[in-house]
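Scroll down for the structure; my scribbles are underneath it.
Within every chain, numbering begins at 1; the chains are lettered A, B, ... in the order of the sequence lines, protein sequences first and strands thereafter. All values below were derived from every heavy atom in this structure, side-chain atoms included, with hydrogens, water molecules and symmetry-related copies excluded.
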Amino acid sequence: MRRTTYCGKVSEENIGQRVVLEGWVNRRRDLGGLIFIDLRDREGILQVVINPGSVPFAEADRVRSEWVVRVEGTVRARPAEQANSRIATGKVEVVAEALQTLSEARTLPFQIDAGWRGEDDQNVSEDVRLRQRVVDLRRKRLHQNLRLRHKFITAIYRFLDSEGFISVETPFLTRSTPEGARDFLVPSRLEPGSFYALPQSPQLFKQMLMVAGYDRYFQIARCFRDEDLRADRQPDFTQLDLEMSFVTQEDVLDLNERLAAYVVKETLGLEIPLPFPRLTYAQAMNRFGSDKPDLRFGLEFTDVTEVFKGGEFRAFASAQAVKALLVPANLPRKEIDALEAVAKSKGAAGLAWVKRENGALTGGIAKFIPPSLHQHLEIAEGQTALFVAGPWRRSVESLGAVRLELGKRLNLIESGYNFAWVIDFPLLDWDEDNQRWTYMHHPFTSPNLDDLEHLQSDPGRVRAYAYDLVLNGSEAGGGSIRIHRRDLQERMFAQLGIGAEEAQEKFGFLLEALSYGAPPHGGIAWGLDRWVANLAGEESIREVIAFPKNKEGKETLTGAPSTVDSDQLAMLGIAVKE
RNA sequence: GCUCCGGUGGUGUAGUUGGUUAACAUACCCGCCUGUCACGUGGGAGAUCGCGGGUUCAAGUCCCGUCCGGAGCGCCA
C-alpha cells in the first residue's frame with residue numbers, strides 16, 4: 001500500500017485511523033526499550049512510536065538520520081501533558097505496526113533537522129551549502145522560500161489572466177543587440193563563426209507582439225546578463241515581463257500597483273494601501289540621493305547650495321550643489337570618518353560636518369557656517385549636520401549612500417513593505433567616458449512629448465515616460481512607454497549616435513515592425529528573484545533560487561562552467577586561446 | 001580590475017602577549033536506558049589550523065605571496 005497522507009498533515013482528526021507514511025528520518029530517539037522517530041516530508045514532521053516487542057522494532061533500531069522509510073501504523077492522541085506545541089502535529093503520534101527502509105543514507109555533511117522542529121538551523125558557510133545544495137535544499141527554510149516563490153508566481157498568473165493578459169514564450173537563442181549589459185553568447189554549429197545571444201530581456205519580442213495585436217502579454221521570463229554578481233544579482237535571473245497596448249503611463253502604473261497589492265496579499269496576507277506614493281526622479285535624488293530611495297525612514301536632505309554660494313568656504317562657494325543631512329545624534333568622530341569613507345566611495349570629495357554642543361556649533365566646518373544657515377537647517381542641541389558639495393549628481397548620490405548607512409547604523413529602518421513609484425526619469429544620460437549622450441532606460445523608451453522640442457537643443461532636460469517600482473529601497477521593477485512611431489525611433493537612434501545604416505543593420509526588424517502600424521504601448525519588468533527575496537525576508541536572492549551561482553558565477557553543485565571536449569569545440573569551429 | 005572581511009575535526013566556533021598534548025558544542029561509532037521530543041548517560045574515533053614561503057629557539061597566532069569564499073566599488077539599457 002502506498003502513502004495515505006503527508007506526515008505534516010496528520011492531525012487530531014486522524015485519531016484512530018490507520019495510515020501509511022513515507023519520508024525521511026528527521027531524528028531518532030532511542031530510549032533503550034522504546035524508540036521514537038520524527039518522520040519528515042515536505043509538509044512537516046510527525047512522531048512515530050515503535051514499541052518494544054513490536055514487529056518493526058528491530059528495523060527501527062537500525063534506522064539512522066535521513067534514511068527514507070515507510071511506516072504503517074495507527075494515529076493516536078498523545079497524553080495532554082506530552083503534546084509538543086512546537087510542531088503542528090504535536091498533539092498526535094503514530095504507533096508503528098510496520099517499518100520498511102526504502103533507502104539508507106550516509107551521514108549528512110551538515111545538519112538540516114532543526115528548522116523542521118521549529119528551531120534555528122545552525123549557520124553553515126554558503127560555500128558548503130552550495131556545494132551540497134541537495135542537502136541544503138532539504139532544510140525547511142529553502143522549502144518555505146521555494147514554495148513562497150511558487151505562490152507568488154501562481155498569484156501573478158491568476159491576476160494577470162483575470163485582467164486579460166496572455167502568456168507567450170519568447171526565444172532563448174536570439175540575436176545579440178548592442179544594449180546594456182554584456183551578452184552571453186552561444187556558438188552556432190550550423191553556421192560556424194556565428195553566435196546566438198541569450199536574451200538580456202524579452203524587450204523587443206514583446207514590443208513586436210504588441211505590433212502584432214496581442215494587446216496584453218506577460219511572461220515569467222528567464223534573462224541573461226554577463227556581468228559581475230552581487231547578493232541581488234545572478235547571471236541568469238527571472239523577470240515578470242509584461243506589456244500592454246493602447247495605454248498611457250497611468251494605466252501601467254495602476255495595473256502594476258493593483259498586481260503588487262494582490263501578490264502581497266496572496267503570499268503574506270498583508271494589505272498594501274493604494275495608490276503608491278510617487279516621486280519624480282528629481283525629487284527622489286534631491287531628497288534621498290537615490291533613484292530607488294528607501295522610504296522606511298526619513299533623513300531627507302536639505303539643499304543649502306545658496307547658503308554657501310560665493311561665501312568664504314572655498315570648497316562650497318562655487319559648488320554646483322551643496323546638500324545637507326541633519327542627523328538626530330551626536331556622531332562620534334570615528335563614526336563620521338566611517339561615513340566619509342562611504343561618501344568617498346561614491347565619488348564625494350569629502351564629508352563636511354558640524355555639531356551643536358552646549359548651544360554652539362562646533363567642530364568640522366563650524367567656523368565657515370554662515371549665520372543664514374539656520375533659515376534652512378535648524379541644528380538642535382546634540383545633533384550633527386553632514387554636508388557634501390560638488391557636481392549635483394555625485395553629491396546627492398554620495399550623500400544618499402551616507403543616508404542609507406546611517407539608516408542601518410542608527411536602526412532607523414522600520415519593518416514592512418514600503419512601495420513607491422519613481423517617475424519622470426531623464427530620457428538621456430551624459431556618458432562621461434565616451435563624451436556622448438546615451439539612453440538611461442533603453443533606446444526604445446518614449447520621450448515625454450511635452451519635452452520633445454528640447455531633444456536636440458538640451459537633451460539632458462528631456463524627461464522620459466519611464467518609471468521604476470521601488471520596494472524598501474530596492475528596484476522591484478522598471479519600465480516605460482515605448483516609442484511606437486518609426487520616425488521618432490529613428491530620431492532617437494540618431495540622437496544616440498546610431499547612424500541610419502547601423503540602425504538598419506541591428507534594429508531593422510524593429511523599425512520594419514513599427515512601420516506596419518504599431519499601437520501605442522508600454523510595460524514593465526519586475527525582478528522576480530528580488531521580489532521573492534524581499535517577501536521571504538532574505539538578504540540574498542540565492543536563498544530563493546533552487547540552484548544559484550556563487551559570487552564567481554560558478555554553479556558548484558554540477559561544477560559549471562567547465563571545459564568541454566575538443567570534439568565539441570571543433571564541431572563549432574572554436575579554438576580556445578591558451 | 002579594486003577595497004574590505006573571512007578560511008582551525010563532518011558542521012559551527014574558541015584559541016590571550018608567539019610557548020608544552022589545539023579546546024568546546026553538535027554530528028558520527030559502541031555500551032546502558034520504556035514516554036522522549038535537540039532524550040539522557042558512559043566511552044570512542046575524528047584536525048598535518050586553506051596552500052607556499054619567511055621571521056624566530058619556538059608560528060593556528062607575526063610578515064609576504066597565493067588559492068578559495070563572502071560584502072561592496074567599478075560594471076549591471
Given [options], identify the nucleotide with an atom nearest to the side chain of [X].
X	options	answer
A:Ala181	B:C76, B:U11, B:C75	B:C76
A:Asp228	B:A71, B:C75, B:U11	B:C75
A:Lys551	B:G74, B:G72, B:U11	B:G72
A:Arg29	B:C39, B:C76, B:G69	B:C39
A:Val128	B:U11, B:A38, B:C76	B:U11
A:Glu552	B:G70, B:G12, B:U36	B:G70
A:Asn550	B:C76, B:C68, B:G70	B:G70
A:Arg78	B:U36, B:U11, B:C75	B:U36
A:Ala231	B:C37, B:C39, B:A71	B:A71
A:Lys554	B:G69, B:A71, B:G35	B:G69

Using only heavy-atom distances, decide whether a donor-acceptor pair under 3.5 angstrom links the side-chain of [X] to the base of [N].
X	N	value
A:Arg28	B:C37	no
A:Glu93	B:G35	yes
A:Arg225	B:C75	no
A:Arg542	B:G69	no
A:Arg230	B:G74	yes

Using a 4.0 Å heavy-atom cut-off across all strands, classify [X] as base, sugar-phosphate, or nothing.
X	value
A:Thr445	nothing
A:Glu405	nothing
A:Gln47	base
A:Arg139	nothing
A:Ser125	sugar-phosphate

Rounded [atom1] spacing from [N] to [M] in Å:
N	M	atom1	answer
B:G52	B:A45	C1'	31 Å
B:U16	B:U56	P	23 Å
B:G6	B:U13	C1'	13 Å
B:U8	B:A59	C1'	14 Å
B:A47	B:G9	C1'	4 Å
B:G65	B:C2	P	12 Å

In whole angstrom, give the distance that lies between atom [atom1] of [X] and atom [atom2] of [N].
X	N	atom1	atom2	value
A:Glu538	B:A71	CD	P	13 Å
A:Asp121	B:U26	CG	P	17 Å
A:Asn434	B:C75	CG	P	11 Å
A:Asn123	B:U26	CG	C1'	14 Å
A:Asp429	B:C76	CG	P	11 Å
A:Ile35	B:G35	CD1	P	13 Å
A:Gln122	B:G10	CD	C1'	10 Å
A:Arg233	B:C75	CZ	P	10 Å

Tell me whether A:Phe110 is stacked on the nucleobase of B:U11, counting only the six-membered base ring and applying the 5.5 Å and 30° thresholds.
no
Apply the side chain to side chain contact (heavy atoms under 4.5 Å, CB included) test between A:Phe36 and each candidate in A:Leu31, A:Ile50, A:Val48; give the one that qualifies.
A:Leu31
Reading 5' to 3' and counting Watson-Crick or G-U wobble pairs with both distances under 3.5 Å, write the dot-bracket notation for RNA chain B, | for bases paired outside the strand.
(((((((..((((.....[...)))).(((((.......))))).....(((((..]....))))))))))))....
Whichever of A:Arg64 and A:Ser345 has the more 5' nearest nucleotide on RNA chain B, that residue is A:Arg64
Between A:Thr556 and A:Arg86, name the one whose nearest nucleotide on RNA chain B is closer to the 5' end.
A:Arg86
Looking only at side-chain N and O atoms, does [Y] offer a donor or acceptor that is under 3.5 Å from a partner on [X]?
X	Y	value
A:Asn550	A:Glu126	no
A:Gln219	A:Thr170	yes
A:Thr558	A:Glu555	yes

A:Arg409, CZ atom: more than 12 neighbouring heavy atoms under 6.0 Å
yes
Heavy-atom count around A:Asp120 CG within 6.0 Å, excluding the residue itself: above 12?
no
Parallel, tilted or perpendicular: which describes the rings of A:Phe507 and A:Phe444, with under 30° parallel and over 60° perpendicular?
perpendicular
Please say whether the positively charged group of A:Arg403, taken as NZ for Lys or CZ for Arg, lies over the ring of A:Phe297, i.e. under 6.0 angstrom from the six-membered ring centre and within 45 degrees of the axis.
yes
Decide yes or no for A:Asn84 and A:Arg78: does some side-chain heavy atom of the first lie under 4.5 Å from some side-chain heavy atom of the second?
yes
Got a salt bridge between A:Glu227 and A:Arg225, using NZ or NE/NH1/NH2 to carboxylate O under 4.0 Å?
no
